[in-house]
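For reference, the structure discussed in these notes is given below.
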Amino acid sequence: MGTSVDKRVVNQNEAVTLQIALEGEGNIETLVHPKMPEIENVKTYEADTQTQLFRAQNLIAAKKTFEIVIIPNEAGELKVPSLEFSFFNPKIERYVVLKSDAYKIK
């Protein structure tokens, strides 16, 4: 799991795009758009989703990328919280929780 934002400094009502990429083996196509927690004075919109399939040794793997558009309604510092993704890992026979970075936007 990897995340990034396209801007760290924006004007009020200017959009920031948060990109979330999940990569691995399994049926990645069935993953749903991650939910962004409510942030006060911020509008969020689910945007593009892309899936890329590729071969990893003798298996088919994939990378699915999601975008969330974030628009701050007020001036100041905005904290984009960490997101979580959990999945069952059959190799270690237990659930794993991945956490993204949190971001500060001015």
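We're numbering straight along the sequence, starting at 1. Keep in mind that the numbers below use all heavy atoms, side chains included, and drop hydrogens, waters and symmetry copies.
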So Lys35 and Glu46, side-chain contact (heavy atoms from CB on, under 4.5 Å) or not? Walk me through it.
-> CA-CA 9 Å; Lys35 295 294 179 206; Glu46 294 178 0; 3.1 Å; yes
Close side-chain approach of [X] and [Y], heavy atoms under 4.5 Å:
{"X": "Leu22", "Y": "Leu31", "value": "yes"}
{"X": "Ile70", "Y": "Thr17", "value": "no"}
{"X": "Ser86", "Y": "Leu98", "value": "no"}
{"X": "Val42", "Y": "Asn73", "value": "no"}
{"X": "Leu78", "Y": "Ile39", "value": "yes"}
{"X": "Ile20", "Y": "Phe85", "value": "no"}

So which heavy atom on [X] is nearest to which on [Y], and how close?
{"X": "Ala75", "Y": "Gln12", "result": "N-OE1, 3.8 Å"}
{"X": "Ile28", "Y": "Glu23", "result": "CD1-C, 4.2 Å"}
{"X": "Val10", "Y": "Ala15", "result": "CG1-O, 4.3 Å"}

Any chance you could measure Lys106, atom NZ, to Asn11, atom CG, to the nearest 0.5 Å?
->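 Between Lys106 NZ and Asn11 CG, I get 14.0 Å after rounding to 0.5 Å.
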Step by step, would you call Ile60 with Glu25 a side-chain contact (heavy atoms from CB on, under 4.5 Å)?
-> CA-CA 6 Å; Ile60 299 296; Glu25 301 167 2; over 6 Å; no
Donor-acceptor pair, [X] side chain versus [Y] backbone, under 3.5 Å?
{"X": "His33", "Y": "Ile68", "result": "no"}
{"X": "Lys63", "Y": "Phe54", "result": "no"}
{"X": "Asn89", "Y": "Val96", "result": "no"}
{"X": "Gln19", "Y": "Glu67", "result": "no"}
{"X": "Ser82", "Y": "Ser100", "result": "yes"}

Take Met1 and Glu84 through the test side-chain contact (heavy atoms from CB on, under 4.5 Å) and record every step on the way to the result.
-> CA-CA 10 Å; Met1 177 177 178; Glu84 291 185 356; over 6 Å; no
Should the heavy atoms of other residues, nucleotides or ligands under 6.0 Å from [atom1] of [X] be counted, would the total exceed 12?
{"X": "Tyr95", "atom1": "OH", "answer": "no"}
{"X": "Glu77", "atom1": "CD", "answer": "yes"}
{"X": "Lys7", "atom1": "NZ", "answer": "yes"}

Side chains of Thr3 and Tyr103: donor-acceptor distance under 3.5 Å anywhere?
->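 Yes, side-chain donor-acceptor contact under 3.5 Å.
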Taking it one step at a time, do Leu83 and Leu18 satisfy side-chain contact (heavy atoms from CB on, under 4.5 Å)?
-> CA-CA 11 Å; Leu83 300 176; Leu18 171 66; 4.0 Å; yes
